[in-house]
*Asks:* 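Questions regarding the structure given below will be posed in turn.
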Amino acid sequence: MKRSPLRTITGVATAALLLYSCANSASPAHNGGSGGASSTGGTNAGGATGGTGSGGRSSSGGAGSGGTSSAGGTSSSGGASSGGTTGTGGASGSGGTSGTLNTDVMNMPVSVNIVVDQFGYRPAAEKFAVLRKPVIGFDAPSTFAPGSQYAVVDAVSGQTVITGAPSAWNSGATDGSDLSALPTGTSGSIDWTKYQSASGDKTWWFTFTQLNTPGTYVVVDQTAKIRSAVFTVGDTVYRDVLKAAIRMLYYQRSGIAKEAEYAGDGWTDTASFPQDKTCPAYNDATVKKDLSGGWWDAGDYNKYTNWHARYLIQLLQSYNENPTAFFDDYNIPESGNGIPDIIDEAKWGMDWLIKMQNDDGSVLSIVGYDRSYTGAKLPSAYAAACSYGAASTSASLSGAAAFAYGAMVWKALGTSLNKPDLTTYASDLQSRAVKAYTWATANPAVTFKNRDFNLGGGEAEIDSTNLAALKLLASVYLFAATGDSTYKTFFDGNYNSSMYFSGSQLGSYVGPWDNYYYDGALTYATLSGATSTVAQDIKTGYAKGMTGYSDNLPAYKSNKDGYGAYMNQYTWGSNQVKSNQGLIFSALVTFGVDSTLNADATTAAERFVHYFHGVNPLQLVMLTNMGNVGAEKSVNSIWHTWFGAGTDWSHVGVSKYGPPPGYLTGGPTYQYNWDSCCPSSCGSTASNALCVQLSPPMNQPPEKSYKDINDDWPMDTWSISEPDNGYQIAYIRLLSKYVK
């Protein structure tokens, strides 16, 4: 059942909740000109010539899955074509088209040199295929040369609907031409400060933005008679993709049985982690709490408050910013209850955060497991001892921010849907937010470094700069939720000392690492009760940072990246940073920063969606097992305790099942390396034999530093293929802006 947008509510929270819907009400516009902005070097990167022929036939969903044959170039190692899974259930897509695909079109070889968004494009969106000739990297050299004419062909009727000539990106330059001098050896021997963002490819763009008729299409090289993957044009083209991405969180739920009705036959499991119901303190085994529930943080099973609270806020922001994108039919246990399933999923996470709060308002920092455990990895059989970390100032402020933001959302939903139980839940969250903030204010420097006590995988404690920013963030959401001017006074008196909130500092730099805090600053700037000079300072600074800093709108306008979605470095977790880069563009629209920037910001952000859906040097949809949702080549394996190497869920088409649909992988990174014990000091001959120097991901241009593998120690592939709730939710939030 489709839910209505939030209705008008009273008080300070009104602006915080409704500004998103208002800001999104305008139709997104694509970049003007003849098919695209001019590229670096002055060459137009697009601009298909010729007229539009007859429109394609209406269709929905993507093409069926299946293998792709390489033509005109070297095949990619980004993973074999997905082809679905053994078993049923999971994220069912609309699947296929409304007509039988044309045999002549389908018999043309699919080329790794013609990349498109494999799910498709909105009718109003910018559209271009990237034609690629690998010059540097594992898939080079290539003999590919683009033909003089390309066409968009209706994949059902076989009719040509658009023809045109491709245009060279950056006057025919290779992206990262100096990469040819890379030394041999492991990636650790390379000075990657010089090579943090490059594909090693020469590219051309074939633009077909004028195609706005719903249908199912391919892009064809009319000389070589090779084609792209099949894609769809339609208003709802990403709806099932978003559903699969959100369902990932259902699979990540801790403590719940994964029943076939919801999980699909391939991913069932009985209830897990009973030890969480009597979880002892890290320093006193006699003090136990019920800390069951929540989500596993990533490919491991730990649960960290600072990160979990962030996930909750950003998941709720996804809904708040475009509520019409979400439905009540995602096939999770709560589906059909009259509440959008993204809110049901957020409540699962919020209920765990409630358990982490002590009676005095403080919030515990982590639930972790014995790191020496070597037993069964299936969630229901995972028997590692549980323990929880102490409360901290940062965890309590994180909890305060999440409780406050949640209070706004559930209060508005309770009013909109006439559900008093949601209003009651919101009131409880608001009280918890106040208590957590009060405790943190009275205890401003309580830390808990979980790694010092062998708890968890990553260190979740934060430094003093981020702690100060976190208090500002919590004060914004508490002011928005309660209307209490105490929080406003604190914010006004302290925002200028933070690089993430100060208008003058935002004017110098806005980047993809800190949008969690930018969201707080921009939320304050939209509140009806905010101090107007402070609000304007923030908006002015943010706009200046987006228009002036070279990696932001200047990079978009100059087409700085050969695939359209520029990011200045591919670190560990690059897919989260990619999403965040898109989100800092979309924030210009979401928060009403400067309406003159909306058209460019909307198109720039959407290019990052296309990157995830196959417009990248790997021609890879960065989500797992999406063959049944329309992808022709998606991720087959991820580093995950449940779905790891050697299990029934290790690799689509190789193991019995493969991972479930919809997990976003970590992404390419120049930081990948095997364990420091390799190649000859891993403790035994057998262990040393596990060290295999793989290229890719080693010794590659950063954007190709990826391989579709999930090997454990000593190959340590978690830096490229581990999923993470933060990666996932950033992508969900970005994608949801383009979903109807």
Side-chain angles (χ1 to χ4, degrees), residues 252-257 269-312 348-400 402 432 436 439-440 443 445-462 467 639-642 644 712-713 718 722 724-726:
Q252 289 288 101
R253 289 187 186 186
S254 179
I256 191 175
D269 193 21
T270 56
S272 60
F273 290 86
Q275 61 267 47
D276 288 6
K277 293 182 180 295
T278 54
C279 188
Y282 76 101
N283 59 351
D284 188 346
T286 67
V287 180
K288 299 180 179 181
K289 291 179 175 287
D290 178 1
L291 301 177
S292 57
W295 302 299
W296 306 316
D297 183 73
D300 61 293
Y301 293 140
N302 299 293
K303 298 178 286 191
Y304 309 82
T305 297
N306 277 335
W307 298 337
H308 188 97
R310 179 180 297 215
Y311 306 154
L312 285 169
W348 177 268
M350 190 68 78
D351 287 346
W352 178 78
L353 190 62
I354 287 172
K355 291 181 179 181
M356 294 291 282
Q357 187 172 37
N358 292 320
D359 291 342
D360 63 0
S362 64
V363 181
L364 302 172
S365 55
I366 183 176
V367 172
Y369 303 93
D370 181 2
R371 289 171 59 86
S372 66
Y373 174 78
T374 58
K377 295 184 176 181
L378 188 70
S380 60
Y382 195 81
C386 165
S387 57
Y388 66 84
S392 67
T393 305
S394 63
S396 300
L397 288 172
S398 292
R432 291 178 178 279
W439 186 91
N443 299 272
V446 178
T447 61
F448 183 81
K449 293 187 176 181
N450 52 276
R451 288 302 299 268
D452 288 353
F453 300 95
N454 210 29
L455 273 179
E459 179 54 67
E461 189 54 273
I462 60 178
L467 188 64
W639 189 92
H640 193 286
T641 307
W642 182 357
D712 212 324
W713 179 88
W718 47 76
E722 183 180 13
D724 175 282
N725 296 347

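From a predicted model like this one, the values you see are computed outputs, not experimental measurements.
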*Asks:* For a 4.5 angstrom cut-off between non-hydrogen side-chain atoms, does Tyr282 reach Val287?
*Replies:*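 SC-SC contact between Tyr282 and Val287 ruled out.
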
*Asks:* Using modelled atom types only, decide if a donor and an acceptor are shared between the side chain of Trp639 and the backbone of Asp712 within a distance under 3.5 Å.
*Replies:* no

*Asks:* What distance separates Asn725 CG from Tyr304 OH, expressed to the nearest 0.5 Å?
*Replies:* 11.0 Å

*Asks:* Output yes when a side-chain donor or acceptor of Gln357 lies under 3.5 Å from a complementary backbone atom of Gly399, and no otherwise.
*Replies:* no

*Asks:* Check step by step if side-chain contact (heavy atoms from CB on, under 4.5 Å) holds for Trp439 and Asn358.
*Replies:* CA-CA 10 Å; Trp439 186 91; Asn358 292 320; over 6 Å; no

*Asks:* Are Trp296 and Ser272 close enough, and set up right, to give a side-chain contact (heavy atoms from CB on, under 4.5 Å), and what steps lead you there?
*Replies:* CA-CA 11 Å; Trp296 306 316; Ser272 60; 3.9 Å; yes

*Asks:* Counting N and O atoms only, with roles assigned by atom type, does the side chain of Lys277 sit under 3.5 Å from a partner on the main chain of Gly255, one being a donor and the other an acceptor?
*Replies:* no

*Asks:* Just how far is it from atom CG of Asn454 to atom CG of Asp370, taken to the nearest 0.5 Å?
*Replies:* 7.5 Å

*Asks:* Is the shortest heavy-atom distance from the side chain of Tyr311 to the side chain of Asp297 under 4.5 Å?
*Replies:* yes

*Asks:* Hey, does the side chain of Asn450 reach the backbone of Ala460 with a donor-acceptor pair shorter than 3.5 angstrom?
*Replies:*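 Pair found, side chain donor or acceptor close to backbone of Ala460.
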
*Asks:* Nearest heavy-atom pair of Asp360 and Ser362: which atoms, and what distance?
*Replies:*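 That closest heavy-atom pairing would be OD1-OG, 2.7 Å.
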
*Asks:* If I take atom NE2 from residue His640 and atom CG from residue Asp724, how far apart are they, to the nearest 0.5 angstrom?
*Replies:* 10.5 Å

*Asks:* Of all residues at least two apart in sequence or in a different chain, which pass the side chain to side chain contact (heavy atoms under 4.5 Å, CB included) check with Thr641?
*Replies:*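 In terms of side chain to side chain contact (heavy atoms under 4.5 Å, CB included), with neighbours along the sequence ignored, Thr641 is linked to Tyr301, Lys377, Tyr382.
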
*Asks:* Assess, by modelled atom type and distance only, whether the side chains of Tyr369 and Asp300 contain a donor and an acceptor separated by less than 3.5 Å.
*Replies:*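 Distance-only check fails for Tyr369 and Asp300.
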
*Asks:* How long is the straight-line distance from OG of Ser396 back to CE of Met356, given to the nearest 0.5 Å?
*Replies:* 10.0 Å

*Asks:* Going through the checks in order, is the side-chain contact (heavy atoms from CB on, under 4.5 Å) test met by Asn283 and Phe453?
*Replies:* CA-CA 9 Å; Asn283 59 351; Phe453 300 95; over 6 Å; no

*Asks:* Checking side-chain contact (heavy atoms from CB on, under 4.5 Å) for the pair Leu364/Lys289: CA distance, chi angles, key distance, verdict?
*Replies:* CA-CA 11 Å; Leu364 302 172; Lys289 291 179 175 287; 3.7 Å; yes

*Asks:* When you measure from the side chain of Lys303 to the backbone N and O of Leu291, does any donor-acceptor pair fall under 3.5 Å?
*Replies:* yes

*Asks:* Counting distance only, does the side-chain N/O of Gln252 pair as donor-acceptor with the main-chain N or O of Trp295 below 3.5 Å?
*Replies:*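 A pair under 3.5 Å: no.
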
*Asks:* Under 3.5 Å, is there a donor-acceptor pair between the side chain of Arg253 and the main chain of Gly293?
*Replies:* no

*Asks:* Which donor-acceptor pairs under 3.5 Å do side chains of residues 383-393 form with protein atoms, sequence neighbours excluded?
*Replies:*
residue : atom : partner : partner atom : Å
Ser392  : OG   : Ser394  : OG           : 3.3
Ser392  : OG   : Ala395  : N            : 3.1
Thr393  : OG1  : Asn443  : O            : 2.5
Thr393  : OG1  : Ala445  : N            : 3.4
Thr393  : OG1  : Val446  : N            : 2.8
Thr393  : OG1  : Val446  : O            : 3.3

*Asks:* Once you round to the nearest 0.5 Å, how far does NZ of Lys288 lie from OG1 of Thr278?
*Replies:* 5.0 Å

*Asks:* Under a 3.5 Å distance rule, please check whether Arg451 uses its side chain to pair with a backbone N or O of Gly457 as donor and acceptor.
*Replies:*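 Yes: the side chain of Arg451 pairs with the backbone of Gly457.
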
*Asks:* So do Trp642 and Asp269 actually touch side chain to side chain, heavy atoms under 4.5 Å?
*Replies:*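 Answer yes - side chains close enough.
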
*Asks:* Please check: side-chain N/O of Lys355 versus main-chain N/O of Ser292, any donor-acceptor pairing under 3.5 Å?
*Replies:*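 It does hold such a pair.
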
*Asks:* Is Val363 close to Arg432 at the side-chain level, that is, under 4.5 Å between some pair of heavy atoms?
*Replies:* no

*Asks:* Rounded to the nearest 0.5 Å, how far does CD1 of Ile366 lie from CD of Glu461?
*Replies:*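 One gets 11.0 Å once the value is rounded to the nearest 0.5 Å.
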
